[in-house]
Amino acid sequence: MKAEKQIKSWVIDLVKELYQHELVDQDITVKQTPKNFVGQYTIVVFPFTRFSKKSPPQTAEELGEKLKLDNPLVKDFSVEKGFLNLDMEDAFWIAQLQAFAKNPEFWRKPKKNETFIVEFSSPNTNKPLHLGHIRNILLGWSMSQILEIEGYDVFKTQVVNDRGIAICKSMLAWNQFADGKTPESEGIKSDHFVGDWYVKFNQELANEYEQWQNSNEGEEAFEEHGKDQSKDAFFKSYSNKYFNIHSAIGKQAREYLLKWENGDPEIKALWEKMNNWVYAGFETTYKNLGVSFDGTDYESQTYLLGKSVVEKGLQADTFYKEADGSIWVNLEDVGLDKKIVLRSDGTSVYITQDIGTAMERYKDQKFKKMIYVVGDEQEYHFKVLFEILKKLDEPYVDGMYHLSYGMVDLPTGKMKSREGTVVDADVLMEEVVEEARKAAEENGAIEDLNTDEKSDVLRKIGMGALKFFMIKINPKKRMVFDPKQSVDMQGQTGPYIQNAYVRIQSILRKTNLAEQAPFDTHVPTDLEKEILAYLGSFSKTISMAADTNDPSLIANYAYQLAKNFHRFYHEHRILNADTEAAISFRLELSNRTAIILAEAMRLLGIEMPERM
RNA sequence: GGUCCCUUAGCUCAACUGGAUAGAGCAGCUGCCUUCUAAGCAGCAGGUUUCAGGUUCGAGUCCUGAAGGGAUCACCA
């Protein structure tokens with residue numbers, strides 16, 4: 001199962017013997033041979049010509065001869081330009097398949113005893129989770145699973161932004177307009193309930209603003225600051241200032257915030273009540289998404305952590321004080337800007353809190369590595385954060401990584417809450433399961449299941465479609481989310497992969513795997529060899545996904561494997577193959593394929609149904 | 001304007017980190033269900049990898065420049 005590694009070690013020995021040159025694994029490229037050539041593994045020999053002092057084909061020929069002679073597992077070889085294609089003996093493939101039974105989780109790496117923190121999701125508490133969060137959560141979750149396989153002790157955490165002006169807006173609107181209504185009384189999911197009051201606030205603000213625009217004060221502001229802009233453009237750009245300077249309702253919201261910071265009991269109680277509604281709602285959404293966390297940091301508890309940071313920075317002369325009392329760090333020597341870390345009024349800014357949180361986490365966990373799953377619009381922020389930590393000589397800084405992912409767009413453009421084009425996570429999940437139900441009704445394969453079993457299967461299929469659709473795309477790419485495509489169940493989709501698994505389970509139910517004859521006399525077909533070789537490359541794929549922080553590699557692997565299996569299923573009989581050995585071999589091959597498919601999907605947070 | 005990211009088939013994406021003739025799916029067209037689940041398989045068609053140079057045995061991948069799109073450059077979070 002470590003075939004490629006084994007071939008590399010052969011090559012290393014051979015090159016040493018023939019050309020007296022020391023190679024390491026990384027110098028050698030071994031890959032699966034493309035379809036239109038004979039053989040299963042290909043060695044790229046171009047790089048060896050430097051010290052073989054022969055043409056690429058000659059070098060390949062020479063290596064091939066010797067490999068074949070020395071290794072009984074190499075049946076034959078062929079040379080095409082600088083590529084050496086190896087055709088392996090049947091015994092080699094039999095041994096590959098047998099090896100799975102000895103090491104059923106061969107892709108799992110030994111424990112490293114190192115803590116790896118993965119921070120993801122990071123919602124605000126003033127509105128429900130949306131499509132963008134789903135991408136974030138899927139990435140974070142799946143990186144966690146992958147790193148766990150790589151041998152880390154993974155600690156999954158989220159930062160909840162539970163304080164600030166946003167939640168105060170919801171609180172204010174609820175206080176003024178809700179008349180004591182609750183999520184229970186209205187029958188609304190509780191995070192949506194709180195979000196609705198946030199929307200209500202913004203509506204009130206918009207009304208107020210519109211009236212003000214036509215008032216004398218509004219006219220004056222336009223005269224004074226509008227310059228050569230159109231009225232519309234000016235008022236659009238002025239809205240923040242309006243909120244902070246003129247708005248009555250805005251003033252009230254800020255008073256809420258001030259009272260909160262001063263520990264006003266009434267406001268604190270309201271704040272707690274509304275946040276608890278939100279948490280209850282998030283809990284449901286997380287559960288439906290199939291994710292959980294090992295810890296949660298609330299900003300209300302971490303936003304003061306900045307103080308110790310500032311002290312440390314001033315002591316180390318990393319930070320300096322301006323005349324007005326604000327504290328800064330100068331990062332111009334590493335090509336960045338100056339950055340404030342403490343306001344003149346002594347309050348901390350966002351980055352200060354991040355530094356504090358990192359230090360706190362290190363104190364608690366002694367983590368070796370940490371990933372922040374955060375959108376790419378914050379790339380600069382994290383560059384600055386890491387540089388500051390470096391200047392502060394924090395020991396863990398080299399293990400920190402910002403897993404930056406592109407925004408999720410709709411076919412109609414950006415998601416904008418003001419324009420009501422935000423795709424809500426809960427609504428989306430419902431839709432996608434509903435779509436699975438329609439598809440299942442059409443083909444009727446699960447009619448005989450009871451209601452619970454059926455809804456379980458439909459949930460797995462619908463969520464599988466949605467999750468796969470999002471996770472198969474390279475994280476750093478901005479993606480277009482087409483709702484129609486996200487519910488597709490055919491082609492390069494989650495259900496396509498689930499279907500391969502279900503087909504295998506259906507076969508395995510008809511027989512007893514443990515009672516099969518030995519398969520060592522079976523002569524494997526080209527396709528069987530191809531699948532076996534591909535199964536073996538699962539470890540490599542996981543490692544690469546871990547190294548590049550890219551779960552989409554696993555998604556593509558799973559798709560490719562499922563595709564190979566579907567083809568195999570059509571081209572070969574399994575249960576009624578010609579010989580006992582063939583039946584046994586194919587059953588075991590199918591069994592291992594199913595196990596690896598399920599594992600690959602598990603790493604992506606996708607469950608397999610047994611029927612569909 | 002500075003910095004960073006993206007650009008591959010009509011659309012959505014791959015390409016094992018520099019390897020062979022750039023692959024899938026969707027959409028379109030053709031076949032295949034009395035044989036292990038047709039959410040499947042096989043086939044047709046679709047490409048100057050945005051453009052111009054460079055590096056080398058070899059470039060979608062690396063370098064330089066250009067064009068188009070995006071992000072960021074707050075005493076916001």
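None of these values were measured; they are calculated from a predicted model. Heavy atoms only: backbone and side chains are in, while hydrogens, waters and symmetry mates are out. Convention: sequence-line order gives letters A, B, ...; per-chain numbering from 1.
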Considering every strand and a 4.0 Å limit on heavy-atom distances, what is the contact class for [X]: base, sugar-phosphate, or nothing?
X: Asn474(A); answer: sugar-phosphate
X: Pro47(A); answer: base
X: Met407(A); answer: nothing
X: Lys476(A); answer: sugar-phosphate
X: Thr548(A); answer: base
X: Ile473(A); answer: sugar-phosphate
X: Ser326(A); answer: base
X: Pro56(A); answer: nothing
X: Lys35(A); answer: nothing
X: Asn126(A); answer: nothing

Residue [X], side-chain atoms from C-beta onward, closest of [options]:
X: Arg343(A); options: rA20(B), rU72(B), rA77(B); value: rA77(B)
X: Gln485(A); options: rU21(B), rC11(B), rU8(B); value: rC11(B)
X: Ile507(A); options: rA24(B), rU37(B), rG70(B); value: rU37(B)
X: Val349(A); options: rA24(B), rA15(B), rA77(B); value: rA77(B)
X: Thr33(A); options: rU37(B), rA20(B), rC13(B); value: rA20(B)
X: Gln492(A); options: rU8(B), rC16(B), rA24(B); value: rA24(B)
X: Val480(A); options: rA71(B), rC13(B), rA20(B); value: rC13(B)
X: Asn576(A); options: rU35(B), rC16(B), rA20(B); value: rU35(B)
X: Tyr559(A); options: rA24(B), rU21(B), rU72(B); value: rA24(B)
X: Lys31(A); options: rG19(B), rA14(B), rC36(B); value: rG19(B)

**Report entry** Aromatic ring proximity, centroids under 6.0 angstrom, His21(A) and Phe48(A)
**Finding:**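 No, the ring centres sit 6.0 Å or more apart.
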Got [X] and [Y] here, is their nearest side-chain heavy-atom distance under 4.5 Å?
X: Ile583(A); Y: Gln516(A); answer: yes
X: Leu527(A); Y: Glu571(A); answer: yes
X: Tyr496(A); Y: His566(A); answer: yes

Determine which nucleotide pairs with [N], using a 3.5 Å limit on both distances of a Watson-Crick or G-U wobble pair.
N: rU37(B); answer: none
N: rC4(B); answer: rG70(B)
N: rA52(B); answer: rU64(B)
N: rC13(B); answer: rG23(B)

Using the [atom1] atom on both, measure [N] against [M] and round to a whole Å.
N: rG25(B); M: rG40(B); atom1: P; value: 10 Å
N: rU64(B); M: rU55(B); atom1: C1'; value: 11 Å
N: rG47(B); M: rU7(B); atom1: C1'; value: 15 Å
N: rG69(B); M: rG31(B); atom1: P; value: 45 Å
N: rU12(B); M: rG70(B); atom1: P; value: 15 Å
N: rA27(B); M: rU61(B); atom1: P; value: 32 Å

Report task. Using only heavy-atom distances, decide whether a donor-acceptor pair under 3.5 angstrom links the side-chain of Ser506(A) to the base of rC36(B). Result ->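 Check fails, no donor-acceptor contact within cut-off.
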Query raised in the report: Got a donor-acceptor pair under 3.5 Å from the side chain of Asp354(A) to the base of rA77(B)?
Result: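 Looking at the base of rA77(B), it does not pair with any donor or acceptor on the side chain of Asp354(A) (distance under 3.5 Å).
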Requested in this report: Check the pair Glu379(A) / His402(A) against side chain to side chain contact (heavy atoms under 4.5 Å, CB included), numbers first and verdict last.
Outcome: CA-CA 8 Å; Glu379(A) 255 164 38; His402(A) 172 204; 3.9 Å; yes
Report task. Can you tell me the distance, in whole Å, between the NZ atom of Lys339(A) and the C1' atom of rC75(B)? Result ->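 So the NZ-C1' distance, Lys339(A) to rC75(B), works out to 9 Å.
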Report task. Would you kindly give the CD-to-C1' distance between Gln378(A) and rA71(B), to the nearest whole Å? Result ->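 About 11 Å, once rounded to whole Å.
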Report task. Measure the distance between the ring centre of Phe46(A) and the centre of the six-membered base ring of rG19(B), then answer whether it is under 5.5 Å with planes under 30°. Result ->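 Phe46(A) ring centre within cut-off of rG19(B) base, planes near parallel; stacks.
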Query - Leu23(A) side, atom CG; Lys8(A) side, atom NZ - distance, nearest 0.5 Å - result: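 Between Leu23(A) CG and Lys8(A) NZ, I get 11.0 Å after rounding to 0.5 Å.
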Return the polar atom pairs (N/O with N/O) between nucleotides 39-42 of chain B and the protein under 3.5 Å, or none.
residue : atom : partner   : partner atom : Å
rA39(B) : OP2  : Asn443(A) : ND2          : 3.2
rA39(B) : O2'  : Asn499(A) : OD1          : 3.3
rA39(B) : N7   : Asn443(A) : ND2          : 3.2
rG40(B) : OP1  : Gly491(A) : N            : 3.1
rG40(B) : O2'  : Arg503(A) : NH1          : 2.8
rG40(B) : O2'  : Arg503(A) : NH2          : 3.4
rG40(B) : O2'  : His570(A) : NE2          : 3.0
rC41(B) : OP1  : Tyr496(A) : OH           : 2.5
rC41(B) : O4'  : His570(A) : NE2          : 3.2

